[in-house]
Amino acid sequence: MAEDLNYFSTLIAVADDCPVTAAEVPVARGGKPTVASLQYELISGAPYGLTQEDVLFETWLRRQDLPADLPAERRAELRKEFFSRSQACLRASPLPKRYGWGLLFDPDGRIALCPMESEEYRRLADGASRGVRTGEGGGVRVLKAMRSRRS
């Protein structure tokens, strides 16, 4: 498995070319869940309950044609196989790129959604633009989500 893909005490801020001015809830398309709708469901359903690795794996797993009641051993095998390959991090997620959700990681690497129009998001993102590390226990690092288009 990869070294450690998780972020700690970090805000993944919305991409510079994010098309919305307030966070939007992604919806399924054609009756099928999208990566965005699955990630939103996972993170909003368990704020500060999952790590980036958990979200990436569960999103992938739910998009496979596998039974919902997979035995724990099989899930563990699939997770090991999944992380044996290089994976894009959540900076490439559609949530901060397209839907206006900041992704806020606590010191333990657990993630919660932070809408771009919220006071908390503004405080963290504004502090970063002034070079201030905000938050408890040493601060929160702010990283931008990846742009959807080349500049």
Side-chain angles (χ1 to χ4, degrees), residues 1-20 22-116 118 120-121 124-125 128-129 133-135 137-151:
M1 189 149 117
E3 188 74 15
D4 186 354
L5 296 179
N6 295 312
Y7 288 107
F8 302 91
S9 300
T10 300
L11 171 68
I12 296 177
V14 298
D16 289 335
D17 63 351
C18 181
V20 299
E24 296 179 353
V25 175
V27 294
R29 257 186 275 161
K32 289 191 161 236
T34 62
V35 168
S37 67
L38 286 169
Q39 289 178 347
Y40 177 84
E41 178 185 310
L42 287 164
I43 299 167
S44 67
Y48 297 114
L50 301 170
T51 65
Q52 174 173 245
E53 289 176 355
D54 295 335
V55 172
L56 293 173
F57 175 69
E58 286 299 323
T59 300
W60 173 82
L61 186 64
R62 290 180 185 195
R63 290 176 58 89
Q64 307 308 303
D65 286 326
L66 297 169
D69 59 347
L70 275 179
E73 309 81 47
R74 182 66 181 134
R75 283 180 66 88
E77 288 171 12
L78 288 169
R79 187 173 173 120
K80 185 175 181 178
E81 286 175 30
F82 178 75
F83 286 111
S84 70
R85 298 179 302 280
S86 182
Q87 300 298 327
C89 71
L90 288 176
R91 287 184 59 214
S93 166
L95 294 177
K97 286 177 66 171
R98 157 70 186 91
Y99 291 96
W101 293 99
L103 304 176
L104 185 56
F105 295 84
D106 70 10
D108 296 319
R110 309 279 176 193
I111 185 175
L113 296 171
C114 190
M116 68 185 295
S118 71
E120 181 179 27
Y121 180 91
L124 293 169
S129 68
R133 291 180 69 84
T134 55
V140 172
R141 173 176 61 152
V142 178
L143 301 172
K144 284 281 190 179
M146 294 179 183
R147 297 171 54 90
S148 294
R149 295 176 288 283
R150 292 183 184 189
S151 21

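Note that this is a predicted model, so its numbers are computed, not measured.
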Minimum-distance pair of heavy atoms, taken over all atoms of [X] and [Y]:
X      : Y      : value
Pro26  : Ala36  : CG-O, 3.4 Å
Leu124 : Val142 : O-CG2, 3.7 Å
Ala23  : Pro115 : CB-CB, 3.7 Å
Ile111 : Val55  : CG2-CG2, 4.2 Å
Ala13  : Tyr121 : CB-OH, 3.3 Å
Ala15  : Lys97  : CB-CA, 4.0 Å

Close side-chain approach of [X] to [Y], heavy-atom, < 4.5 Å:
X      : Y     : result
Arg141 : Tyr7  : yes
Val20  : Cys18 : yes
Phe105 : Ile12 : yes
Ile43  : Leu95 : yes

Spatial distance of atom [atom1] ([X]) from atom [atom2] ([Y]) [nearest 0.5 Å]:
X      : Y      : atom1 : atom2 : answer
Leu113 : Leu104 : CG    : CG    : 9.5 Å
Phe57  : Glu81  : CZ    : CD    : 9.0 Å
Leu11  : Cys114 : CG    : SG    : 6.0 Å
Glu53  : Phe82  : CD    : CZ    : 9.5 Å
Glu24  : Met116 : CD    : CE    : 10.0 Å

If we check side chain to side chain contact (heavy atoms under 4.5 Å, CB included) with Asp17, which of these qualifies: Arg98, Arg147, Met146?
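That would be Arg147; it is the only one of Arg98, Arg147, Met146 passing the side chain to side chain contact (heavy atoms under 4.5 Å, CB included) with Asp17.
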
Could you tell me whether the side chain of Ser93 and the main chain of Arg91 form a donor-acceptor pair under 3.5 Å?
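No, the answer is negative, given that no donor and acceptor are paired below the 3.5 Å cut-off.
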
Side-chain donor/acceptor of Gln39 to backbone N/O of Thr59, under 3.5 Å
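Side chain of Gln39 to backbone of Thr59, a donor-acceptor pair under 3.5 Å: no, none is there.
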
How would you list, by chain and number, every residue that makes a side chain to side chain donor-acceptor pair (under 3.5 Å) with [X], sequence neighbours excluded?
X     : answer
Ser37 : Thr34
Glu77 : Arg74
Gln52 : none

Identify whether the distance between the nearest side-chain nitrogen and carboxylate oxygen of Arg79 and Asp54 falls below 4.0 Å.
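Salt bridge present between Arg79 and Asp54.
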
Taking only residues two or more places apart in sequence or in another chain, which ones pass ring pair (Phe, Tyr, Trp, His ring centres under 6.0 Å) with Tyr99?
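None.
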
Can you list every side-chain hydrogen bond (donor to acceptor under 3.5 Å, both in side chains) pair that touches residues 101-115, not counting sequence neighbours?
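Matches after skipping sequence neighbours: none remain.
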
Could you tabulate the donor-acceptor pairs under 3.5 Å formed by side-chain atoms of residues 61-73, not counting sequence neighbours?
residue	atom	partner	partner atom	Å
Arg62	NH1	Glu41	OE2	3.0
Arg63	NH1	Pro33	O	3.4
Gln64	NE2	Trp60	O	3.0

